[in-house]
Amino acid sequence: MELDFGPAVRDFRDEVRDWLADHLVGEFAEHRGVGGPTDGAAWEVRLAWDRELSAGGWLGVGWPEEYGGRGLGLLEEIVFEYEYARVNAPYRATVNALDLLGPMLLKMGSEAQKKRFLPPILAVEELWGQGFSEPGAGSDLASVRTRAERDGDEWVVSGQKVWTSFGIHADWVYVLTRTDPQSARHKGLSMLLVPTDQPGVEIRPIRNLAGQDEFAEIFLSDARTGADMVVGEVGQGWRTAMATLGIERGTTLLPQQLTFEREAEALIDLARERGALDDPMLRRRIVDAWISVRIMRTTNLRTIAELTAGRTPGAQSTTAKLYASTRHQQLGQLATELAGPAGQIVGKDYALDRRQRSFLLALAETIYGGSSEIQRNIIGEQVLGLPKEPRP
């Protein structure tokens, strides 16, 4: 896939390409494409790569210079993400802070919060986890029960969070809490920034199907944080959370989509090796997989066009997530079938090859970032104007 974003950013594009060519070498080059939203592989290598990016000024390309960024525009951010994905660089270990928390603070944080937290993020000095989902509030985020009570100049936080990506590495977590005990659903919530290095915080890893522990559950037992650690207004945490999830729907699908295209090309190569293209039914499924990644590309380009025009992405940001997650699972299923018995054999100590790991990790894609059921409800109610789903 090759895209030209126009003459205005060609010099910047060339700068990105030259830097990546010079620095994505050695151990970093050996780990091209390693990691992902649910893949904690080669963590130390990826962390070292993030520090290399930081030293080169490539983290926070669009963040203001006063906080350590380069102060460039959205188009430059998109060009960087595209070129980064094009060379299949390692998945950034600091993605939670770079793609979610940082933009949330830039949009809704206080000046003191921006000065305190943004520079250490870009310097890869502090790592962050997201404390949204709970055992009884995953897709239905408005049902959170983690509570926070004001005690003088501090908040006291108690509750449980789960499915925190890379939570075992987090120095801080941004936590959606209920600060009004009399409230229900979307009201009375607040977004708090909570340090993990304290007696009231316990983080336990969760092993996934691929044998990795990038997920974690977090137990908060009278954990404390400063009264000034509320992002946005007290009681308006739902608005803050939705802004964060909106950021997640922005340009973050572009690197994934390029990965899916590589997997589709590898699928075609595998089919040729196995002689599967002679089977008309398999050939049809392979062509369908190839078409699906091209549809993802078109939808992502529409989203990018709206973002660069200063508009909030429309329905395609929701449909893109739903489509990409379900079709990627089908792509992985087909690749596993084509691999035959070899696709079911693992290495020593449950070592998985790239195809097996992708297939297993893709099973979570229809859950995280908004489950497919929730996406269909949003499309039905907000796009098609269908009646809302009855609530118990």
Side-chain angles (χ1 to χ4, degrees), residues 1-3 24 29-42 81-91 208-212 214 251-303 316 319-347 350-369 372 375:
M1 176 180 175
E2 184 70 28
L3 295 178
L24 188 58
E30 293 171 5
H31 288 81
R32 286 180 187 267
V34 70
T38 57
D39 186 353
E81 292 296 343
Y82 169 73
E83 293 297 331
Y84 188 91
R86 191 178 65 86
V87 297
N88 206 21
Y91 190 83
N208 64 21
L209 281 174
Q212 299 177 16
E214 82 287 350
T251 60
T252 54
L253 280 177
L254 181 60
Q256 279 186 293
Q257 176 246 313
L258 285 172
T259 299
F260 298 168
E261 287 201 10
R262 291 190 187 96
E263 291 180 6
E265 291 167 359
L267 174 70
I268 295 172
D269 291 339
L270 178 62
R272 288 196 179 102
E273 293 173 10
R274 296 300 177 93
L277 294 179
D278 297 330
D279 184 327
M281 295 302 294
L282 278 175
R283 187 167 63 245
R284 179 175 178 178
R285 292 173 64 192
I286 293 167
V287 170
D288 187 54
W290 184 87
I291 291 172
S292 71
V293 296
R294 295 309 190 274
I295 292 174
M296 292 179 206
R297 177 197 298 190
T298 301
T299 305
N300 281 323
L301 291 178
R302 287 177 58 202
T303 300
Q316 74 269 16
T319 57
K321 197 277 178 185
L322 175 63
Y323 184 82
S325 59
T326 54
R327 293 312 299 260
H328 187 221
Q329 289 177 351
Q330 294 170 16
L331 178 63
Q333 177 68 43
L334 179 56
T336 302
E337 290 179 27
L338 288 174
Q344 303 175 36
I345 300 174
V346 300
Y350 197 62
L352 303 172
D353 62 29
R354 189 179 294 267
R355 185 185 302 114
Q356 292 169 328
R357 187 166 58 249
S358 176
F359 168 64
L360 291 175
L361 294 176
L363 299 177
E365 291 173 11
T366 48
I367 300 174
Y368 67 71
S372 292
Q375 302 309 312

Checking [X] side chain against [Y] main chain: does a donor-acceptor pair fall under 3.5 Å?
| X | Y | value |
| --- | --- | --- |
| Gln375 | Leu322 | no |
| Tyr323 | Ile295 | no |
| Gln356 | Ile345 | yes |
| Asn300 | Met296 | yes |
| Ser358 | Arg354 | no |
| Lys321 | Thr366 | no |

Atom pair CG/CD1 of Leu267 and Ile286 - distance to nearest 0.5 Å: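 Going from the CG atom of Leu267 to the CD1 atom of Ile286 covers 5.5 Å.
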
Ring pair (Phe, Tyr, Trp, His ring centres under 6.0 Å) partners of Phe359, counting only residues at least two apart: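 None.
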
Partner set under salt bridge (charged side-chain N to carboxylate O under 4.0 Å, His left out) for Glu337, not counting sequence neighbours: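 With neighbours one apart ignored, the set is Arg285.
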
By side-chain contact (heavy atoms from CB on, under 4.5 Å) - contacts of Gln330 (at least two apart):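 Gln330: side-chain contact (heavy atoms from CB on, under 4.5 Å) contacts with Arg327.
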
Any residue meeting side-chain contact (heavy atoms from CB on, under 4.5 Å) with Thr319, in chain and number order, not counting sequence neighbours: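 Testing Thr319 for side-chain contact (heavy atoms from CB on, under 4.5 Å), a comparison that skips the adjacent residues, returns Gln316, Ile379.
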
Partners passing side-chain hydrogen bond (donor to acceptor under 3.5 Å, both in side chains) against Glu214 (at least two apart in sequence or in another chain):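 For Glu214 the side-chain hydrogen bond (donor to acceptor under 3.5 Å, both in side chains) partners, ignoring immediate neighbours, are Asn208.
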
Inter- and intrachain pairs under salt bridge (Lys or Arg N to Asp or Glu O under 4.0 Å), touching residues 272-283, at least two apart: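 Only Asp269-Arg272 qualify under salt bridge (Lys or Arg N to Asp or Glu O under 4.0 Å).
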
